[in-house]
Amino acid sequence: MRVALFVTCINDALYPRTGQAVVTLLERLGVEVDFPDAQSCCGQPQFNTGYRHATEPLVERYADAFEGYDHIVVPSGSCAAMVRDNYPRIGAKAAAEGRGRVLSAAAERVVPRTYELTEFLVDVLGVTDVGAYYPHTVTYHPTCHGLRMLTLGERPRQLLEQVEGLQLRELEGAEECCGFGGTFAVKNAAVSSAMGADKARHIEASGAGSVCAVDNSCLMHIGGVLSRSGSQVRPLHLAEILASTRNAPL
Amino acid sequence: MSVTYLGMPPFPQAAQDSTRDTRLRSNLRHATHTIRDKRAGAVAELPDWAALRTAGAQIKDRTLRHLDTYLEQLEAAVTAAGGTVHWAVDAAEANEIVTRLVRETGEREVVKVKSMATQEIGLNEALEDSGIAAYETDLAELIVQLGDDRPSHILVPAIHRNRGEIRDIFAEKMGRWGRPAPDGLGDSPAQLAEAARLHLREKFLNAKVGISGANFMVAESGTLVVVESEGNGRMCLTLPETLISVVGIEKVVPTWQDLEVFLQLLPRSSTAERMNPYTSTWAGSTESDGPRGFHLVLLDNGRTDTLADQVGRQTLRCIRCSACLNVCPVYERAGGHAYGSPYPGPIGAILTPQLDSVETGLDASLPYASSLCGACYEVCPVAIDIPEVLVHLRERVVQGGTVTVRGQRTTVRPAKGHAAERAAMRAASWTFDHPRALRAGERLAVRARRLVPNRLPRPGSAWTDTRDTPRVPPESFRDWWRRTRTPAEATEAAGKGGEGKVRQERAGSARREGPTGGVR
Ligand code: SF4
């Protein structure tokens with residue numbers, strides 16, 4: 001089984017610890033993981049803002065960079081959803097614009113092999129107990145694209161529930177968007193901030209020491225709101241909790 | 001002709017004002033959360049909801065594919081049943097037809113059933129210009145009309161008002177238009193409803209002309225269907241001598257069997273009821289019962305153009321249930337008025353820009369009035385993928401493209417004001433497509449990481465006004481991997497090889513170069 005990590009651009013540049021945690025975790029589970037250097041960004045920021053044409057080279061790059069791997073593991077719900085939901089659309093639109101099937105073919109090559117991290121763990125490896133240890137209180141925020149586009153469902157919770165020592169705290173309005181939304185966060189800053197403030201309030205009220213999610217982009221927004229308000233709650237990617245063990249605690 | 005109200009600012013500006021209005025926010029929060037929870041309960045009762053939803057979407061799609069056929073079938077059936085059918089290509093023509101029809105009756109007053117289509121075309125204003133007074137009879141529309149206000153929700157147009165405000169509006173304004181509110185009016189729902197009942201009863205009994213929309217039109221029998229909760233609609237549909245219905249062409253369904261699906265989907269999605277309280281159906285007119293004259297005005301107003309767009313056409317499935325508004329976190333905080341047209345919330349964000357033949361600054365901002373969280377798509381009873389359409393319309397704004405306007409394929413240029421963003425997006429794509437440039441950029445960020453202030457000047461302030469910035473780590477993942485995982489001598493070769501290989505394989509690909517391709 002050849003497994004590649006698609007770390008995503010935001011994790012690469014801003015949250016390398018999440019990528020490192022995925023590597024640690026997968027290796028602990030006996031999976032050899034590779035990091036193809038030709039990878040970069042899935043193109044989501046451009047695509048979701050309307051710059052579909054600017055996204056096209058990145059679709060091809062992704063498909064080429066991950067050629068030959070059986071599984072592509074992505075520690076981001078929204079980037080995995082970008083590949084799975086939007087790459088075929090980009091291909092179809094390019095074909096409709098009379099530019100052939102190259103992008104559609106690229107999408108077809110990668111869509112079935114792209115997995116968000118919790119999907120890979122639960123569906124491919126068939127594990128929910130990954131031997132993690134994190135003796136703290138945590139609340140889980142299901143980020144929108146993981147929740148609704150990938151329909152991750154209970155997978156992240158199943159994994160969290162098996163973490164030794166971890167106390168999961170309920171989050172009011174958990175399934176409500178945090179307000180990040182990519183360029184939405186700056187284009188509609190007032191509404192985005194109002195949504196973020198409500199999310200932060202619910203997180204505080206949960207009494208958890210950290211808020212966990214499968215998307216660092218949302219956590220960047222949530223964490224930014226929390227830290228501006230002087231909150232002590234820590235934003236944490238799920239991978240970092242799952243990588244934590246008794247011998248090497250987070 | 002534009003569907004948006006005159007002089008509306010772009011969405012972010014209007015929405016910003018609403019987020020500061022704490023009373024509005026708490027009214028909206030309370031109302032939308034209550035109804036969204038109820039809806040979830042009503043939908044969960046049906047084990048076959050998913051199948052119903054698929055059926056609803058498919059019936060609409062099939063009908064839209066053969067819209068011309070079904071509309072002609074409908075016209076024939078309505079005519080055979082004694083009604084008269086009029087075709088209106090746009091708002092101006094529809095208003096002209098209705099005004100003429102009312103004039104012909106010699107009346108100067110009409111009573112109205114709650115209708116989105118007549119709001120879309122600004123019928124009340126058009127009638128007023130011709131000296132005809134149109135009285136809204138839906139309770140919430142009455143509140144809006146008396147308050148000289150605009151509706152802010154499809155189903156609950158006065159959702160932005162609370163009971164105290166409604167009491168004040170009734171006490172102050174009712175007398176000016178008819179029977180005044182009783183003295184010492186309180187703000188209990190029963191008292192408010194009774195005041196409205198007395199005020200409206202007088203209107204119903206005097207009215208000679210009624211104007212309505214319709215939720216559905218059944219092609220096979222020429223039947224119109226109005227679905228409402230108060231019974232006021234039925235009064236307007238049955239008491240006057242003349243009835244004029246203005247209905248969007250996408251409201252047609254082929255048969256009664258198709259209608260059945262929607263009569264299950266609509267009430268549970270909109271009011272969380274199992275069955276709708278007042279469902280009125282009629283075909284044409286009869287001598288002995290109800291209005292003697294019946295006119296159906298079939299309204300296009302941008303719908304055929306919307307139908308021409310492969311991604312956008314799903315918008316026409318909408319049955320105006322407003323479930324998408326009630327779950328939308330943006331609507332909840334921005335309020336309905338920020339959307340600048342009778343269609344607020346997620347459906348407004350995709351419908352308004354498509355119906356408009358004249359692009360306004362508001363139209364260009366509406367597709368961005370969403371975090372793309374997908375809650376709207378999840379609840380939509382006819383499975384309109386609103387996020388997909390939003391992104392599709394965003395493309396139109398920043399890339400331009402081909403659209404159909406009045407039946408003509410037209411090339412639209414990108415909207416103004418996106419030059420800097422476009423340059424940034426293209427630069428980002430270029431960098432992401434050139435790993436060495438990407439690595440250099442990441443290293444530059446790492447070196448400058450202590451220089452990033454927590455408060456940025458514009459446009460960065462849009463982020464940092466309310467949020468701290470993330471800290472740039474001392475090393476990118478890419479560099480960490482290289483440092484710890486790759487044997488030293490392989491490092492450079494791998495880096496270059498990776499890029500070279502990808503480049504080579506992609507020679508002769510579909511990438512479009514040239515003037516519009518820009519940097520790609
Ligand atoms: S888009 Fe869907 S959810 Fe929204 S009003 Fe229309 S039918 Fe209802």
Side-chain angles (χ1 to χ4, degrees), chain A residues 7 9 11-17 19-20 35-38 40-41 43 45-58 60-61 64-65 94 99-100 102-103 144-145 148-149 176-177 179-181 184-196 220-221 223-225 227-228, chain B residues 11-12 15-16 19 310 329-330 333-334 368-375 377-378 391 394-395 397-399 421-422 425-426 428-429 432-433 435 438 442 445 459 462-463 465-470 472-473 475-478 480-481 485 494-495 498-499 501-502 505-506 509-512 517 520:
Chain A
V7 76
C9 65
N11 287 331
D12 181 21
L14 294 176
Y15 302 98
R17 286 201 330 212
Q20 291 157 11
F35 177 78
D37 197 56
S40 62
C41 166
Q46 297 88 331
F47 181 78
N48 278 354
T49 312
Y51 298 91
R52 173 170 51 85
H53 289 147
T55 315
E56 291 174 354
L58 301 178
E60 287 186 75
R61 169 163 289 279
D64 292 343
R99 288 182 289 124
V102 174
L103 286 165
C144 300
H145 293 176
R148 302 196 182 88
M149 290 171 81
E176 258 187 66
C177 177
F180 172 63
F184 173 79
V186 288
K187 281 181 183 284
N188 277 286
V191 177
S192 167
S193 302
M195 289 160 69
M220 173 174 79
H221 162 78
V225 175
S227 108
R228 178 59 61 85
Chain B
F11 182 83
Q16 180 168 29
T19 58
Q310 288 199 20
V330 175
R333 287 155 184 98
Y368 291 94
S370 166
S371 64
L372 304 180
C373 81
Y377 176 34
E378 191 173 49
V391 171
R394 289 176 185 189
E395 276 179 28
V397 173
V398 297
Q399 283 188 174
E421 181 186 88
R422 185 174 306 114
M425 287 293 177
R426 285 183 179 167
S429 284
F432 283 127
D433 202 23
L438 175 60
E442 284 176 352
W463 180 274
D465 278 351
T466 55
R467 293 159 283 217
D468 286 345
T469 46
V472 179
E475 186 180 40
S476 71
F477 179 84
R478 200 175 286 275
W480 171 82
W481 179 271
R485 299 290 168 137
E499 185 161 358
K501 181 166 164 281
V502 168
E505 279 174 6
R506 283 160 53 189
S509 76
R511 299 164 78 212
R512 201 178 54 176
R520 294 174 308 109

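Letters go in sequence order (proteins before strands), and every chain restarts at 1.
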(request) Identify which of A/Gly43, A/Cys177, A/Cys41, A/Gly196 forms the greatest number of heavy-atom pairs closer than 4.5 Å to chain B. (result) A/Cys41

(message) Would B/Phe477 and A/Asn11 count as a side chain to side chain contact (heavy atoms under 4.5 Å, CB included) here? Give the steps.
(response) CA-CA 7 Å; B/Phe477 179 84; A/Asn11 287 331; over 6 Å; no

What pair of heavy atoms forms the shortest contact from [X] to [Y], and how long is it?
{"X": "A/Thr55", "Y": "B/Ser429", "answer": "N-OG, 4.4 Å"}
{"X": "A/Ala189", "Y": "B/Ala462", "answer": "CB-O, 3.5 Å"}
{"X": "B/Ser371", "Y": "A/Phe184", "answer": "CB-CD2, 3.6 Å"}
{"X": "B/Pro470", "Y": "A/Leu14", "answer": "CG-CD1, 4.0 Å"}
{"X": "A/Cys9", "Y": "B/Phe432", "answer": "CB-CE2, 3.5 Å"}
{"X": "B/Arg467", "Y": "A/Ser192", "answer": "NH1-OG, 2.9 Å"}

(request) Counting only heavy atoms closer than 4.5 Å, note whether A/Gln46 contacts chain B via side chain, backbone, both or neither. (result) both

(message) If I measure from the heavy atoms of chain B, does A/Val186 come under 4.5 Å with its side chain, its backbone, both, or neither?
(response) both

Using non-hydrogen atoms and a 4.5 Å limit, figure out which bit of [X] sits close to chain A: side chain, backbone, both or neither.
{"X": "B/Ala375", "answer": "both"}
{"X": "B/Glu378", "answer": "side chain"}
{"X": "B/Val397", "answer": "neither"}
{"X": "B/Gln310", "answer": "neither"}
{"X": "B/Ser370", "answer": "backbone"}
{"X": "B/Leu372", "answer": "both"}
{"X": "B/Thr19", "answer": "side chain"}

(request) Taking B/Gln399 for its side chain and A/His53 for its backbone only, find out whether a donor-acceptor pair lies under 3.5 Å. (result) yes

Residue pair [X] / [Y], side-chain heavy-atom distance below 4.5 Å:
{"X": "A/Phe35", "Y": "B/Arg485", "answer": "no"}
{"X": "A/Asp37", "Y": "B/Arg478", "answer": "yes"}
{"X": "B/Asp433", "Y": "A/Leu58", "answer": "yes"}
{"X": "A/Tyr51", "Y": "B/Arg394", "answer": "no"}

(request) Fit a plane to each ring of B/Trp463 and A/Phe180, take the angle between them on a 0 to 90° scale, and name the class: parallel (under 30°), tilted (30 to 60°) or perpendicular (over 60°). (result) perpendicular

(request) State the CG-CH2 distance between A/Asp12 and B/Trp480, to the nearest 0.5 angstrom. (result) 12.0 Å

(request) Please round to the nearest 0.5 Å and tell me the distance separating atom CD of B/Glu395 and atom CG of A/Asn48. (result) 10.5 Å

